[in-house]
Amino acid sequence: MKFVGVYLALSTAFAVGVVNPAAAASVENGKTAFVQHGCWQCHGFEGQGSVTTSAGRVIADTQLPADAFAAYVRAPTGAMPPFRPEILSDSDLADIYAYLEARPKPQAAKDIPLLNQ
């Protein structure tokens with residue numbers, strides 16, 4: 001099912017003409033846009049996801065390339081509302097992607113002492 005969503009996102013990217021939204025993106029502007037547009041309400045301030053609001057989906061450090069991420073945000077499958085360019089500019093979307101990619105990576109379970117006792 002996950003592959004279908006990615007395929008649809010990629011197809012939509014080509015259909016709507018999304019072109020490298022990560023070009024010249026700003027992490028700081030992305031953080032501001034992430035908060036301003038309410039992304040944090042479902043995905044948490046660090047993109048860590050929530051079991052209650054996003055089925056625990058972590059969107060920080062996504063495996064999607066920037067254009068597929070943008071296509072999904074524009075035409076999501078599921079409970080997330082679409083964020084059309086009139087609401088979320090391409091520039092803000094690229095900045096949000098940069099912000100999420102810049103989030104610190106979680107520590108590996110093997111490197112957490114409490115989990116290795």
Side-chain angles (χ1 to χ4, degrees):
M1 188 61 139
K2 182 177 179 180
F3 294 111
V4 171
V6 171
Y7 174 76
L8 290 173
L10 289 172
S11 298
T12 305
F14 290 114
V16 298
V18 176
V19 179
N20 194 10
S26 164
V27 172
E28 284 304 311
N29 290 346
K31 180 179 182 179
T32 300
F34 191 81
V35 172
Q36 179 183 8
H37 291 283
C39 306
W40 63 271
Q41 293 175 18
C42 294
H43 300 291
F45 283 103
E46 296 294 317
Q48 75 273 19
S50 163
V51 173
T52 304
T53 59
S54 65
R57 284 198 183 94
V58 176
I59 61 171
D61 191 29
T62 179
Q63 300 300 306
L64 291 176
D67 54 348
F69 175 82
Y72 186 83
V73 171
R74 297 285 187 229
T77 58
M80 183 173 147
F83 284 84
R84 306 277 187 241
E86 300 81 24
I87 297 169
L88 181 64
S89 72
D90 288 340
S91 176
D92 281 348
L93 186 52
D95 292 342
I96 288 170
Y97 183 83
Y99 168 68
L100 292 171
E101 288 297 292
R103 301 300 64 208
K105 309 307 178 246
Q107 200 173 10
K110 67 177 180 57
D111 297 332
I112 300 173
L114 184 60
L115 297 177
N116 292 299
Q117 292 181 359

For [X], check side-chain contact (heavy atoms from CB on, under 4.5 Å) against everything at least two apart and list the hits.
X	value
A108	K110, D111
T62	L64, F69, Y97, E101
P82	P76, R84

Test log, rule side-chain contact (heavy atoms from CB on, under 4.5 Å), inputs N29 and Q36
CA-CA 10 Å; N29 290 346; Q36 179 183 8; over 6 Å; no

As a quick check of understanding, evaluate side-chain contact (heavy atoms from CB on, under 4.5 Å) for L88 and I96, giving each step before the final call.
CA-CA 10 Å; L88 181 64; I96 288 170; 3.9 Å; yes

Could you give all pairs that pass the salt bridge (Lys or Arg N to Asp or Glu O under 4.0 Å) test and reach residues 36-46, with sequence neighbours left out?
E46-R103

According to side-chain hydrogen bond (donor to acceptor under 3.5 Å, both in side chains), who are the partners of Q41, at least two apart in sequence or on a separate chain?
none

Shortest non-hydrogen separation from [X] to [Y] and the atoms involved:
X	Y	answer
H37	I87	CE1-O, 3.1 Å
S26	D95	N-OD1, 2.7 Å
V35	F45	CG2-CE2, 3.9 Å
D90	R74	OD1-NH2, 2.6 Å

Taking N116 for its side chain and A109 for its backbone only, find out whether a donor-acceptor pair lies under 3.5 Å.
yes

If you group Ile, Leu, Val, Met, Phe, Trp and Tyr by side-chain heavy-atom gaps below 4.5 Å, do L93 and M80 land in one group?
yes

Spell out, yes or no, whether W40 and I59 are grouped together once hydrophobic residues are joined by side-chain heavy atoms under 4.5 Å, including indirect joins.
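Looking at the clustering, I59 is in the same group as W40.
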
What pairs meet the ring-ring contact (aromatic ring centres under 6.0 Å, His included) rule with one or both residues in residues 98-117, with sequence neighbours excluded?
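As it turns out, the ring-ring contact (aromatic ring centres under 6.0 Å, His included) pairs with a partner in residues 98-117, which skip direct neighbours, are F34-Y99.
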
Working to the nearest 0.5 angstrom, can you tell me the gap between Q48 CD and L100 CG?
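Output value for this atom pair is 10.5 Å.
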
